[in-house]
Amino acid sequence: MSQAGTKKINLLDLSSDKMKEFLLQRGEKPFRATQLIKWLHQHLADDLDQMTNISKSMRADLAEIAEIKLPEIVLDKASADGTHKWVLRLEDGNCIETVYIPESERGTLCVSSQVGCALDCTFCSTARQGFSRNLTVSEIIGQLWIARKTLQPDPNANRAVTNVVMMGMGEPLLNFENVVDAMSLMLDDNAYGLSKRRVTLSTSGVIPALDRLRDRIDVSLAVSLHAPNDALRDQLVPVNKKYPIKELLAACHRFLDGKAAREHITMEYVMLEGVNDKDEHAHELVQTLKGLSVKVNLIPFNPFPDTRYKRSSNNRIHKFYEILSNAGMVVMTRKTRGDDIDAACGQLAGEVKDRSRRKIHFAKLEQEIT
Ligand code: SAH
């Protein structure tokens with residue numbers, strides 16, 4: 001608390017634009033914002049006193065009203081395959097999870113956007129815990145800050161985190177403003193400087209927010225499709241009842257038209273034995289996606305306790321892959337990583353402290369954010 005008794009501003013909550021605004025209000029020059037952003041996100045400073053090119057008096061002044069606060073690391077688990085999972089405790093006691101997946105050419109960080117999730121996808125363990133709240137900008141960007149700091153204590157050393165995917169807990173488009181501000185820091189050359197091709201937002205398909213995203217920030221897009229028709233998608237991804245496939249694909253077309261740099265959208269397709277993995281589903285998928293520039297990413301289902309689903313066999317996944325590939329589609333099969341530490345896609349559980357809001361339906365949630 002500051003002297004006036006009001007809550008201090010967490011400097012990690014501010015995008016570059018907001019940092020400029022904040023400092024201008026205090027009579028500071030715009031270049032100070034660049035200096036602060038660099039200290040926070042390139043040098044990974046967690047104390048104002050580390051900022052040696054900022055005068056002592058300005059630092060003292062800032063300390064009165066601002067602070068640098070990160071989530072607390074309660075667990076840092078490394079898998080045999082090099083995958084890392086962090087469990088982070090937030091100020092209110094809720095916990096979220098972040099996963100780092102190293103590959104030969106890149107290192108991908110899977111970032112959470114909400115505590116829990118309201119969307120109720122039937123094959124996802126995060127859905128089980130319901131929705132608690134949106135993450136703040138500092139809680140989202142803090143995940144990248146912590147990963148960089150842990151994996152790469154020397155910021156000049158090789159770049160351990162080269163890619164970020166908003167594929168952790170939560171639906172990023174239902175936490176729109178904070179996710180956009182956090183992604184703007186990921187892209188910012190004075191902060192993390194990641195290429196827009198290496199920052200990917202994954203969504204179940206909240207169409208109005210998808211259109212807003214196109215107008216606000218240029219990042220890559222992944223869509224959790226998981227089914228070739230509405231009847232099946234209604235069961236797996238219930239938000240489909242509100243935003244059905246045809247409308248979703250029209251929004252995908254608009255997204256690609258919006259920015260010249262965007263070449264394709266990744267379509268995620270979880271492989272569930274006997275549910276969506278038959279030959280007929282693959283043939284139907286080819287028809288459904290006709291005319292849209294996509295890469296299809298087949299994700300072997302990652303099981304969790306009490307789930308009704310099973311992972312498709314490798315043979316089945318291969319056959320499905322071949323049907324799409326023979327039809328001329330670009331297809332990848334995602335390698336399952338980190339499942340020995342429950343760090344695989346859809347296994348992020350976190351811990352929701354306040355369960356009172358968990359039954360909030362996403363439609364209500366949308367009203368809240370718009
Ligand atoms: N809400 C966003 C992002 C979070 S989920 C979205 O729906 O896209 C990230 C990806 O993991 C999504 O494609 C999701 O459908 C997939 N996923 C969820 N549970 C899974 C599981 N148990 N096994 C494999 N993939 C899963």
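Just so you know, ligand 1 is whichever comes first in the structure, and atom 1 is the first atom listed for that ligand. Values in this document were obtained by computation on a predicted structure and should not be read as measured data.
The distance criterion of under 3.5 Å between nitrogen or oxygen atoms is not met by R334 with respect to ligand 1. Considering backbone and side-chain N/O of G168, none are found under 3.5 Å from N/O of ligand 1.
Heavy-atom separations between M169 and ligand 1 are all 4.0 Å or longer.
Closest heavy-atom approach to atom 3 (C) of ligand 1 among the candidates S125, S204, G170, S224: G170.
By the 6.0 Å contact criterion, NE2 on H318 is open, its count of non-hydrogen atoms from other residues, nucleotides or ligands being 12 or less.
The side-chain contact (heavy atoms from CB on, under 4.5 Å) test applied to K29 returns F31, not counting sequence neighbours.
Atoms of ligand 1 lying under 4.0 Å from any heavy atom of I299, numbered from 1 in the order shown and given with element: 24 (C), 25 (N). Proximity to F123 (heavy-atom distance under 4.0 Å) selects the following atoms of ligand 1: 15 (O), 17 (N), 18 (C), 19 (N), 20 (C), 21 (C), 22 (N). Close approach of ligand 1 to C124 (heavy-atom distance below 4.0 Å) involves ligand atoms 18 (C), 19 (N). Of all atoms in ligand 1, listed by their number and element, those nearer than 4.0 Å to a heavy atom of H226 are 13 (O), 14 (C), 15 (O).
Under the 3.5 Å distance criterion, with hydrogens and angles disregarded, a donor-acceptor pair is assigned to the side chains of S312 and D277.
At a 4.0 Å heavy-atom cut-off, ligand 1 touches E268 through the side chain alone. Proximity of N302 to ligand 1, defined as any heavy-atom pair under 4.0 Å, is shared by backbone and side chain alike. At a 4.0 Å heavy-atom cut-off, ligand 1 touches T203 through the backbone alone.
Relative to the six-membered ring of F176, R212 meets both conditions, a distance below 6.0 Å and an angle of at most 45° to the axis.
The two residues I265 and V223 come nearest to each other via the heavy atoms CG2-CG2, 3.9 Å. When all heavy atoms of S132 and N94 are compared, the pair lying nearest together is OG-ND2, 3.7 Å.
Remark: aromatic rings of F123 and H226 are close, center separation under 6.0 Å.
None of R32, Q42, M19, K20 except one satisfies the side chain to side chain contact (heavy atoms under 4.5 Å, CB included) rule with I37; the exception is M19.
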